[in-house]
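On a predicted model such as this, the values are computed, not experimentally measured, just so you know.
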Amino acid sequence: QAFYADYARQGKLRVIGALSGGRLPAPFEDVPSSADSVSMKGFDFSIWTAYAVKKGTPQPVAERLNAAIESGLTNAHARAQLE
């Protein structure tokens, strides 16, 4: 996580969400988690993973990626495989 925290502090990385049911440690304590999501309530993916996009990626592209990930996690078969 230190690697990602360094990039976040430098403005090279923006963390948009966590798949864990709880809050991430600093400097990510304000990042929303799956507990904050209506469609992902009760989901807790405890293996730390990240999806990243290049700095300067347009906000609509990042939002589409986030929506695609969230959509995939609401798929019963995909969710069962991850659980």
Side-chain angles (χ1 to χ4, degrees):
Q1 272 182 332
F3 172 78
Y4 294 108
D6 290 342
Y7 275 149
R9 280 189 209 90
Q10 296 167 15
K12 296 179 179 178
L13 172 75
R14 183 170 55 102
V15 178
I16 60 171
L19 295 177
S20 63
R23 293 286 174 197
L24 296 175
F28 305 114
E29 59 272 297
D30 295 328
V31 172
S33 71
S34 60
D36 300 314
S37 170
V38 172
S39 63
M40 295 172 56
K41 284 264 189 256
F43 184 82
D44 185 2
F45 190 67
S46 58
I47 298 172
W48 206 91
T49 188
Y51 295 92
V53 295
K54 184 178 175 183
K55 183 178 179 179
T57 298
Q59 185 67 27
V61 173
E63 289 171 1
R64 276 198 326 264
L65 174 61
N66 186 54
I69 292 167
E70 189 167 332
S71 174
L73 293 173
T74 61
N75 176 290
H77 179 72
R79 189 172 178 133
Q81 292 298 312
L82 290 169
E83 290 176 348

Chi angles and distances behind the side-chain contact (heavy atoms from CB on, under 4.5 Å) call for E70, L73 | CA-CA 5 Å; E70 189 167 332; L73 293 173; 5.7 Å; no
Sequence neighbours left out, what passes side-chain contact (heavy atoms from CB on, under 4.5 Å) with K12? Give chain and number order.
-> Y7, Q10
Common cluster, L13/I16, ILVMFWY with side-chain heavy-atom separation under 4.5 Å | no
Check: N75 side chain, G72 main-chain N or O, donor-acceptor pair, under 3.5 Å | no
Heavy-atom closest pair, residues L65 and V53 = CD2-CG1, 3.6 Å
How far apart are the closest heavy atoms of R14 and A62, and which atoms are they?
-> NH2-CB, 4.3 Å
